[in-house]
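For reference, the structure is listed below as structure tokens.
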Number of protein chains: 2
Amino acid sequence: MPSSFAAHPAETFPAGTPAASQVFTTVLSQGPLTRLELARRAGLSAAAVTKAVRPLFASGYLVEDADTEARSALGRPANLVRVDGGRALFLGLKLTGDAIFGVLTDLRCRILLARRVPLTDRAAKAVLASTAELVRELLTEADGYGVRVMGLGIAVSGDVDRGEGVVRYSPFLEWRDVPLAELARAVTGLPVTVDNDVRALTVAEQWFGAGVGLSNFAVVTVGAGVGCGLVVHGRVVAGAHGVAGEIGHVTVDPDGPLCHCGNRGCVEAIAADPAILARIRERSGVEVADTTEAVDLARRGDDHAREAYSRAGEAIGRGIATVANLLGPERVVISGEGLAAYDLFAEQIRSAFAAAAFGSAARCDLQTRPLPFEEWARGAAATAIQSFITEPN
Amino acid sequence: MPSSFAAHPAETFPAGTPAASQVFTTVLSQGPLTRLELARRAGLSAAAVTKAVRPLFASGYLVEDADTEARSALGRPANLVRVDGGRALFLGLKLTGDAIFGVLTDLRCRILLARRVPLTDRAAKAVLASTAELVRELLTEADGYGVRVMGLGIAVSGDVDRGEGVVRYSPFLEWRDVPLAELARAVTGLPVTVDNDVRALTVAEQWFGAGVGLSNFAVVTVGAGVGCGLVVHGRVVAGAHGVAGEIGHVTVDPDGPLCHCGNRGCVEAIAADPAILARIRERSGVEVADTTEAVDLARRGDDHAREAYSRAGEAIGRGIATVANLLGPERVVISGEGLAAYDLFAEQIRSAFAAAAFGSAARCDLQTRPLPFEEWARGAAATAIQSFITEPN
DNA sequence: TTCTTTCATTGACAGCGGAAAATAAGGGCC
DNA sequence: GGCCCTTATTTTCCGCTGTCAATGAAAGAA
């Protein structure tokens with residue numbers, strides 16, 4: 001048995017029947033609900049709900065509120081059932097080439113604490129050591145809550161096999177076939193879930209964000225790259241070969257700039273942060289150091305900068321239209337660090353989307369959500385929560 | 001009660017439990033299987049399979065073969081379970097603006113008979129009258145088999161709500177909100193399933209074709225238009241607003257020819273039959289009457305015709321790559337009447353796909369299947385078979 | 001024949017979820 | 001305050017499904 005510094009041994013979730021687990025998930029994401037409403041949403045009888053929630057109350061995962069208000073005038077007042085977020089804690093980590101971001105969340109995936117440690121060596125061994133240290137630190141902080149940390153989620157960009165817990169290929173870390181879940185479990189003693197970063201973010205939206213209650217939606221992230229997580233038939237799409245949601249490599253302009261994938265005019269080659277900087281440089285000759293500067297320039301009215309953002313918005317809008325035309329999602333959530341500059345391309349995203357969406361695909365609801373960087377780590381925590389609830393260990 | 005000329009009253013399928021229905025579906029699409037193998041594939045115990053198949057044997061939907069060969073050397077020989085295709089008949093219709101295609105199939109969706117009636121009036125009432133006549137004719141023929149016709153499937157291009165049995169909008173027929181399932185049931189007396197034509201074809205591939213056993217694949221049709229049916233997580237994608245799989249309106253070249261959707265350079269504006277004819281005309285000045293002539297021209301080496309097909313192949317390949325990048329299907333089946341000219345653009349499809357597919361999305365298996373026009377009607381029959389089995393009436 | 005192996009069925013049983021009846025908890029009304 | 005009405009929740013009972021373990025079946029091998 002490898003050394004472990006987890007404060008406590010794992011305690012399993014009383015998952016019970018699949019129906020019970022679905023009941024819990026419904027309460028978790030759809031907020032406090034009466035038992036009757038819960039029965040309706042989970043497609044069960046009231047009696048089944050009563051039975052399903054009993055062990056969950058007994059173990060403290062669910063608690064009951066007096067229904068303060070908004071109750072029907074007549075009849076017995078309903079009691080609201082809700083998840084006790086404080087009943088369990090989780091850790092989420094996002095690995096990048098430069099740093100590890102970590103958060104401590106409660107069971108409702110609310111961030112209690114965020115940390116960042118820089119990364120100098122990208123070799124798996126070094127990253128694992130930093131991971132272990134960050135986890136140790138977060139666990140120490142977690143001790144103050146007097147509640148156990150029940151799982152650790154790790155999000156990595158690239159081709160990740162969540163089922164096996166293996167990072168097949170990560171371009172930024174330059175990893176191939178690293179069995180990260182097993183390695184991290186060994187050094188932390190926690191149950192570990194490993195997933196692709198965009199899919200992890202999508203899980204967070206599905207359970208705790210703008211995707212709650214939807215069985216068909218997409219999350220588009222804009223920042224250093226352009227990514228997309230898809231939920232179809234209520235499940236996150238993973239792709240047969242580990243690749244899915246590559247909206248960044250949808251072609252927008254065959255004569256456009258060269259993309260690192262070898263093609264021209266990919267969304268990412270136009271709308272990702274480096275592409276925008278390159279565009280400004282190319283057109284104005286001005287060397288722009290970073291995104292903040294580019295945004296400043298554009299906000300101050302610089303034509304070249306504005307054009308670069310406008311062009312990016314158009315590319316994103318077209319990419320989203322492509323997703324909408326193919327999958328007909330109910331909603332697309334646009335997010336990512338790039339959204340800090342949302343005012344500079346919002347209009348272009350919407351108009352390009354409206355122009356390129358076919359028929360009633362245009363009825364898709366476009367939403368935007370700012371994405372502070374720790375949200376990526378929160379996505380990882382969401383996968384850990386999901387595993388905790390749905391995978392009885 | 002409206003008049004009905006269905007030969008016999010409906011007899012329901014002994015669907016039993018969901019598991020039983022899944023067992024039947026497995027046998028239906030995965031051919032003859034031993035009970036043990038069946039248990040494995042359906043994720044059940046052998047005992048459960050024994051119980052599930054009993055009523056199906058009793059009602060004649062399943063029959064047993066002596067396991068002729070390929071049996072393990074040792075132990076009791078297994079018996080093969082298979083669906084008795086002759087146990088039930090189905091009708092499938094495909095409505096176009098010009099004609100109705102109809103087929104009579106058996107329970108295994110094998111075409112027994114195909115018919116076509118021309119259509120002069122596209123009004124719902126007139127189409128319904130022609131439909132009734134064609135169905136009557138097919139039912140008469142079906143009488144010769146001494147087996148009941150258990151359902152009718154109708155495939156229509158456009159926005160179709162299968163659940164409600166309503167054609168929301170059909171551009172070729174110029175229909176809006178026609179409750180076709182109810183209307184057709186009234187005049188034929190048969191249970192009716194109505195679905196979008198490409199989705200119907202996709203169901204046929206999923207249950208009886210190249211998609212058997214796959215939970216993530218796509219069907220791309222090339223012909224008068226370019227369409228796409230998607231199966232994700234084992235289910236056909238319908239889209240939140242009835243639109244999905246619009247690969248035809250994925251942009252390939254923003255400076256390309258104008259598409260009827262209002263955008264430029266859609267796949268359909270480059271690769272559909274009329275687009276190819278237009279391209280040849282535009283470049284060579286030669287007026288090409290129809291697709292046959294265009295194919296002849298290209299096969300005889302005419303440069304303009306060859307270029308038009310080559311360009312079409314490239315557009316299709318790019319469109320497929322977009323689907324592969326977004327969904328990571330295991331396989332894409334390329335089909336449609338346009339495939340008669342497959343030799344003229346096969347190479348371009350493959351190379352454009354390979355160039356534009358990102359990472360391991362390129363591992364997707366591209367298959368081609370010729371598509372005689374009656375296959376569209378067969379797709380409709382497949383939806384009727386699906387409804388018969390999964391929707392206990 | 002008898003044993004071994006593999007396939008298939010049977011019967012006892014446990015668990016889940018549904019229906020209906022019972023119980024709980026208000027408010028309104030007299 | 002007691003009774004009635006309404007709505008929420010629980011209890012009780014019951015059927016159904018699928019599993020487990022044991023048994024039966026049908027070869028070939030010894």
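Per chain, numbering begins at 1; letters A, B, ... match sequence-line order. Values reported hereafter were calculated over all heavy atoms of this structure, with side chains retained and with hydrogens, waters and symmetry mates removed.
Recorded end-axis angle for the helix from C/dT1-D/dA30 to C/dC30-D/dG1 stands at 30°, based on five pairs per end and rounded to 10 degrees.
Not a single donor-acceptor pair under 3.5 Å links the side chain of B/Arg40 to the backbone N or O of B/Arg35. Using modelled atom types, one side-chain atom of B/Arg87 and one backbone atom of B/Ser59 make a donor-acceptor pair closer than 3.5 Å. Side chain of B/His233 to backbone of B/Asn216: no donor-acceptor contact under 3.5 angstrom is found. In this structure, A/Arg41 contributes its side chain and A/Gly213 its backbone to no donor-acceptor pair below 3.5 Å. For the pair A/Glu330 (side chain) and B/Gly239 (backbone), a donor-acceptor distance under 3.5 Å is absent. Judged purely by atom type and a 3.5 angstrom limit, A/Asp106 uses its side chain to pair as donor or acceptor with the backbone of A/Arg110.
D/dA25 atom P lies 15 Å from atom CZ of B/Arg35, rounded to whole Å. At whole-Å resolution of the value, CG in A/Leu80 and C1' in D/dA8 are 12 Å apart. Across the protein-nucleic acid pair, A/Leu44 atom CG and C/dG17 atom P stand 7 Å apart, rounded to whole Å. If you measure from atom CG of B/Asn79 to atom P of C/dT6, you get 17 Å, rounded to the nearest angstrom. If you take CD of B/Gln22 and C1' of D/dG18, they are 14 Å apart, rounded to a whole angstrom. Across the protein-nucleic acid pair, A/Glu37 atom CD and D/dT7 atom C1' stand 14 Å apart, rounded to whole Å. In this structure, A/Glu64 atom CD and C/dA24 atom C1' are separated by 13 Å, rounded to whole Å.
A salt bridge is absent between B/Arg331 and B/Glu205: the closest approach of a Lys/Arg side-chain nitrogen to an acidic carboxylate oxygen does not fall below 4.0 angstrom.
Comparing D/dA29, C/dA8, D/dT10 against the side chain of B/Thr34 picks out C/dA8 as the nearest.
Within 4.0 Å of B/Leu36, counting heavy atoms only, lie sugar-phosphate atoms of the nucleic acid but no base atom. Residue contacts shown for B/Ala47 include a base, since a base heavy atom lies under 4.0 Å away.
Between D/dC16 and B/Thr17, no contact under 4.0 Å exists linking OP1 or OP2 to a side-chain N or O.
Contact annotation: side chain of A/Arg76 to base of D/dA8, donor-acceptor pair present below 3.5 Å.
Of all the residues in residues 50-57 of chain A, A/Thr50, A/Lys51, A/Arg54 reach under 4.0 Å from DNA chain D with at least one non-hydrogen atom.
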Give the C-alpha distance, both sets of side-chain angles, the deciding distance and a yes or no for side chain to side chain donor-acceptor pair (under 3.5 Å) between B/Gln386 and B/Arg162.
CA-CA 12 Å; B/Gln386 191 178 50; B/Arg162 171 167 173 171; 2.9 Å; yes
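A/Phe24 pairs by the ring-ring contact (aromatic ring centres under 6.0 Å, His included) definition with A/Phe13, not counting sequence neighbours.
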